[in-house]
Amino acid sequence: MRANLSDRLLQHYVDKCRALPWRSPPGSPPPDSYRVWLSEVMLQQTTVAAVTPRFERFLARWPTVEALAAALDEDVLAEWAGLGYYARARNLIACAREVAARGGFPTTEAGLRALPGIGDYTAAAIAAIAFGAHAVVIDANVERVTCRLFALAAPTRGDLRAAVASITPAERAGDFAQAMMDLGATICRPRAPLCDSCPLRDDCRAFASGNPERFPAPKAKAAKPVRHGVAQWIERDGAIWLVRRPTKGLLGGMAALPGPVWTAERQANAPELARVRHVFTHFALELAVVAAADPVGEGWWQPFDTLADAGLPTLYRRAVDAVLTERGRIAA
DNA sequence: AAATCGTGGTG
DNA sequence: TCACCAAGATT
C-alpha cells in the first residue's frame with residue numbers, strides 16, 4: 001500500500017501540474033540549478049504568489065549566477081525590497097560569488113548545505129530537484145502532510161525525518177517533494193483541509209481519526225509587543241533624504257528614512273506628518289513621520305519620480321505613501 | 001537552542 | 001477583523 005502512495009501523489013501532481021515558472025513538468029529533465037536555487041531561496045517563508053512575479057524580474061535582470069555575482073550589493077537589495085527577510089538577499093549575494101568563483105553549484109546535498117543561505121531544507125530541495133538526488137526534503141508542508149498521514153502530534157526531528165524517508169520514492173525524489181509541498185499548500189492546508197479531494201485520504205491516519213486538523217499539534221504563540229519609532233522627512237527640490245541601515249539586524253542593509261533607534265516607549269516628538277503601524281514577526285511598530293530641516297550623516301537625495309527604484313522595504317514605502325496621501329488630502 | 005528576521009494572504 | 005502562517009536560515 002505504501003508503495004502506491006508516492007505514485008498516486010505524483011499522478012495527482014502531474015494531473016494538476018500548476019505552471020510554476022521555475023520548474024519543468026514532472027518527469028522532464030532537471031531544470032537549471034541557478035533557477036532552482038534562486039526560486040528556493042525566494043520561497044523560504046514566502047508564498048508562491050508573492051514570489052512568482054519577483055522571480056521573473058530577478059531572472060530577467062540577472063540571468064546567470066555569474067551575472068548575479070557581478071552585481072552591486074545595493075542593486076540586489078533594491079530588487080529584493082518588499083520580499084522580506086533581507087538576510088536572504090545578503091546571503092544570496094555571498095552564495096552567488098562563491099558559486100561563480102568555484103565554477104558552478106555543488107551537486108551534492110552536503111556541498112550545497114555549506115553555502116550561505118542554504119540550510120537543511122534548501123540543500124535537500126536543490127539536490128533532489130536540480131540534480132536528481134535521493135534527498136529527504138522537509139519543509140512545513142511536508143511536515144504537516146506527514147504528521148497527518150502518520151497521526152504524529154509532535155514528533156522529534158529524527159522521527160519526522162524517518163517518516164518522510166519511509167514514503168520518499170527511490171526515484172524522482174524531487175518531483176515527490178514538490179508534489180508533497182503542492183498538496184500541503186492546496187489541499188492538506190493548516191486549517192480546513194480539503195480531505196475529500198485528497199489522493200492520500202485512504203492512507204491518512206489523521207483523516208481516519210475524524211479530526212485531521214489536530215495534527216501536527218499547534219506551536220506555542222509568543223506575545224507581540226509594540227515598539228515606537230520616529231522617521232524624519234527631509235525634503236528638498238523634489239527629492240527626499242534617504243539613508244542605508246546597518247548591514248546587520250532588522251532590514252539590514254536596506255534603504256530607509258533616517259531616524260533614531262526604535263524604543264519600547266512612545267517618544268515625545270514634533271507634529272506628525274503621518275503615522276503608520278507595521279507588524280513584524282516578533283513585534284509591531286508604530287512609526288511617526290516628522291519633518292526635519294537638514295540631512296545628517298551619510299545618505300543621498302532620492303528624487304520622488306524615481307522613488308520606486310530606491311528599494312525601500314515595505315515599512316518605509318508605506319510611511320512615504322502615508323505622507324504623500326496626507327499631503328494630497330490637504331491640497332484637495 | 002531560543003530568538004531573530006518581513007510581508008502578504010487567508011480562513 | 002484577526003490570528004495564523006508560509007518551499008527556513010542563522011546565531
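Lettering of chains follows the sequences in order, A, B, ..., and the numbering in each one begins at 1.
Residues forming a ring pair (Phe, Tyr, Trp, His ring centres under 6.0 Å) with A/Phe105 (at least two apart in sequence, or on another chain): A/Trp37. Checked against side chain to side chain contact (heavy atoms under 4.5 Å, CB included), A/Ala163 has the following partners two or more places apart in sequence or in another chain: A/Thr146, A/Phe150, A/Leu152. Not counting sequence neighbours, the partners of A/Asp73 by the side chain to side chain donor-acceptor pair (under 3.5 Å) test are A/Arg97. A search for ring pair (Phe, Tyr, Trp, His ring centres under 6.0 Å) contacts involving A/Trp300 returns nothing, not counting sequence neighbours. For A/Gln267, the side chain to side chain donor-acceptor pair (under 3.5 Å) partners two or more places apart in sequence, or in a different chain, are A/Thr263.
Judged purely by distance below 3.5 Å, without hydrogens or angles, the side chains of A/Thr46 and A/Arg88 pair a donor atom with an acceptor atom.
Using a 4.0 Å heavy-atom distance criterion, A/Arg317 is classed as a sugar-phosphate-only contact. Residue contacts for A/Ala125: at a heavy-atom cut-off of 4.0 Å it reaches no nucleic acid atom on any strand shown. Across all strands, A/Val142 comes closer than 4.0 Å to no nucleic acid atom at all (heavy-atom distances).
If you check residues 242-254 of chain A against DNA chain C, you find no residue with a heavy atom closer than 4.0 Å.
The residue among A/Arg189 and A/Gly84 whose nearest nucleotide of DNA chain B is located toward the 5' end is A/Gly84.
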Would you mind building the protein contact string for nucleotides 1-6 of chain C? One character per nucleotide, 5' to 3', B for base within reach (heavy atoms under 4.0 Å), S for sugar-phosphate only, - for untouched.
---B-B
Atom pairs and distances, donor-acceptor, side-chain atoms in residues 214-224 of chain A, under 3.5 Å, two or more places apart:
{"from": "A/Lys224", "atom 1": "NZ", "to": "A/Phe280", "atom 2": "O", "distance (Å)": "3.3"}
{"from": "A/Lys224", "atom 1": "NZ", "to": "A/Thr281", "atom 2": "O", "distance (Å)": "3.2"}

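The shortest distance between side-chain heavy atoms of A/Arg277 and A/Val226 falls below 4.5 Å. The shortest side-chain heavy-atom distance between A/Ile187 and A/Leu200 does not fall under the 4.5 Å cut-off.
Pairs of residues two or more places apart, or lying in two chains, that qualify as side-chain hydrogen bond (donor to acceptor under 3.5 Å, both in side chains) and include a residue from residues 121-133 of chain A are A/Glu40-A/Tyr121, A/Gln44-A/Thr122. Residues in residues 172-196 of chain A take part in no ring-ring contact (aromatic ring centres under 6.0 Å, His included) pair, two or more places apart or across chains.
Proximity of a side-chain donor or acceptor of A/Arg148 to a complementary backbone N or O of A/Pro212 within less than 3.5 Å is detected.
Look at the P atom in both B/dA2 and C/dA7: the space between them is 25 Å, to the nearest Å.
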What nitrogen or oxygen pairs link the protein and nucleotides 9-11 of chain C at under 3.5 Å?
{"from": "C/dA9", "atom 1": "OP1", "to": "A/Gly119", "atom 2": "N", "distance (Å)": "2.9"}
{"from": "C/dA9", "atom 1": "OP1", "to": "A/Thr122", "atom 2": "N", "distance (Å)": "3.0"}
{"from": "C/dA9", "atom 1": "OP1", "to": "A/Thr122", "atom 2": "OG1", "distance (Å)": "2.6"}
{"from": "C/dA9", "atom 1": "OP2", "to": "A/Asp120", "atom 2": "N", "distance (Å)": "3.4"}
{"from": "C/dA9", "atom 1": "OP2", "to": "A/Tyr121", "atom 2": "N", "distance (Å)": "3.3"}
{"from": "C/dT10", "atom 1": "OP1", "to": "A/Gly117", "atom 2": "N", "distance (Å)": "2.4"}

Intermediate values then yes/no, side chain to side chain donor-acceptor pair (under 3.5 Å), A/Arg245 and A/Tyr86
CA-CA 12 Å; A/Arg245 291 176 61 88; A/Tyr86 298 98; over 6 Å; no
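Nucleotides of DNA chain B with any atom under 4.0 Å from a heavy atom of chain A span, from 5' to 3', B/dT4 to B/dG11.
Atom CZ in A/Arg157 sits roughly 15 Å away from atom P in C/dG8 (whole-Å rounding).
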